[in-house]
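What follows is a set of notes on a single structure, which appears directly below.
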Amino acid sequence: LRGDGGCFHPTSGQRLVVSVGGHTAAIERSAQIVTARFSPRGYAVAIGGWTDSVELWSATSGELLRSFASPGGVGAFAFSEEGDLIAVGE
């Protein structure tokens with residue numbers, strides 16, 4: 001996973017450490033992280049895996065910003081080119 005910063009995911013699969021613009025944030029969730037993508041500007045991270053949602057996290061604070069429901073599971077997701085939309089599919 002690469003954006004304007006770096007990303008490290010320890011073996012637990014439930015914690016993501018992100019470094020962007022001099023800020024380092026640890027993102028922790030109860031479910032396994034399967035896929036993560038930086039927003040086009042690099043200051044948000046979308047995370048999916050083992051839940052029926054995609055979560056949007058701040059890459060600078062590690063705070064959960066929003067969760068997008070995807071009944072039936074999350075197979076894939078992507079940001080729009082501008083980063084203001086997230087497309088989610090099974």
Side-chain angles (χ1 to χ4, degrees):
L1 177 67
R2 284 272 174 230
D4 289 340
C7 176
F8 171 68
H9 51 91
T11 56
S12 75
Q14 296 172 312
R15 185 167 196 250
L16 196 64
V17 179
V18 181
S19 179
V20 176
H23 299 277
T24 299
I27 297 169
E28 298 227 23
R29 60 193 299 247
S30 59
Q32 186 82 12
I33 296 170
V34 176
T35 306
R37 302 220 189 313
F38 276 104
S39 65
R41 293 190 182 112
Y43 289 97
V45 179
I47 295 175
W50 303 93
T51 63
D52 289 340
S53 66
V54 171
E55 299 167 346
L56 186 63
W57 296 78
S58 168
T60 56
S61 71
E63 176 184 357
L64 177 62
L65 302 173
R66 188 164 181 192
S67 183
F68 302 93
S70 179
V74 176
F77 59 90
F79 282 98
S80 65
E81 191 173 306
E82 295 80 29
D84 56 343
L85 300 172
I86 296 179
V88 179
E90 290 182 22

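Just so you know, these numbers come straight off a predicted model, no measurement behind them.
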Exercise for review: Grab the two heavy atoms, one from F38 and one from A59, that are nearest each other, plus how far apart they are.
Suggested key: CE2-CB, 4.3 Å
Check your understanding: Excluding sequence neighbours, so at least two apart, what forms side-chain contact (heavy atoms from CB on, under 4.5 Å) with E82?
Key -> S80, D84
Review point. CD of E55 to CD1 of I47: how many Å apart, nearest 0.5 Å?
Key: 6.5 Å
Point to revise | Minimal non-hydrogen separation, G62 against W57, with atom names | key: O-CE3, 3.1 Å
Check your understanding: So, is the end of the R37 side chain (NZ or CZ) under 6.0 Å from the ring centre of F79 and within 45° of the ring's axis?
Key -> no
